Amino acid sequence: MNHQLADFHVQLSATPRGARLARLLAVEQLRSWGLPFERPAHIVAELAANAVTHGRVPGRDFRLVLTVTPGTLRIEVTDTRSDRVPVIHEPVGARGRGLLLVEAFADQWGVTQGPSPCKVVWAEISLTGSRECGTRWA
């Protein structure tokens with residue numbers, strides 16, 4: 001059973017400005033918790049951009065949640081397009097690299113459906129292991 005140590009959640013407009021704000025708020029929250037923020041910032045930026053680009057429904061927001069449990073940071077971005085489930089494709093030009101970056105920076109990631117019409121795209125980062133990519137975690 002995971003015991004939640006810290007939790008942050010915010011609802012943001014499904015606009016490019018909302019996506020940028022998600023990244024900035026995540027960095028500041030992680031900094032205030034004393035956690036490294038470089039890898040999570042990349043993940044939040046990509047998941048928020050995807051929520052705004054592919055999960056947007058006019059008039060509906062997206063939600064960012066950061067949860068710290070012993071040894072793990074979980075990042076969740078919820079949007080209102082459960083009919084559009086993200087999958088990794090071969091990148092075409094500068095487009096299509098977002099989930100490849102999430103896969104590179106996260107220890108694991110996935111999609112949870114519901115409640116309708118929502119989906120949650122989540123990523124987890126170990127706070128105890130070390131990885132060559134990005135920041136080393138203590």
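All of these numbers come straight from a predicted model, not from anything done at the bench.
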Can you check whether [X] reaches [Y] side chain to side chain, under 4.5 Å on heavy atoms?
X	Y	value
Phe8	Leu25	yes
Val121	Asn50	no
Arg20	Val52	no
Trp109	Ile43	no
Thr78	Val65	no
His42	Leu101	no
Glu103	Leu99	no
Pro117	Arg60	yes

Following the transitive rule for hydrophobic clusters with a side-chain heavy-atom cut-off under 4.5 Å over Ile, Leu, Val, Met, Phe, Trp and Tyr, establish whether [X] and [Y] coincide in one cluster.
X	Y	result
Phe62	Val111	yes
Val120	Val68	no
Trp122	Ile75	no

**side chain to side chain contact (heavy atoms under 4.5 Å, CB included) partners of Ala45, counting only residues at least two apart** = Arg23

**Asked** When you look at CZ of Arg63, are more than 12 heavy atoms from neighbouring residues, nucleotides or ligands closer to it than 6.0 Å?
**Response** no

**Request:** Count the heavy atoms belonging to other residues, nucleotides or ligands that lie under 6.0 Å from CZ of Arg31, then report whether that count exceeds 12.
**Result:** yes

**Fill in**
For Thr67, the side-chain hydrogen bond (donor to acceptor under 3.5 Å, both in side chains) test, sequence neighbours excluded, returns Asp7

**Prompt:** Taking Asp61 for the side chain and Gln11 for the main chain, is one N or O donor matched with an acceptor at less than 3.5 Å?
**Reply:** no

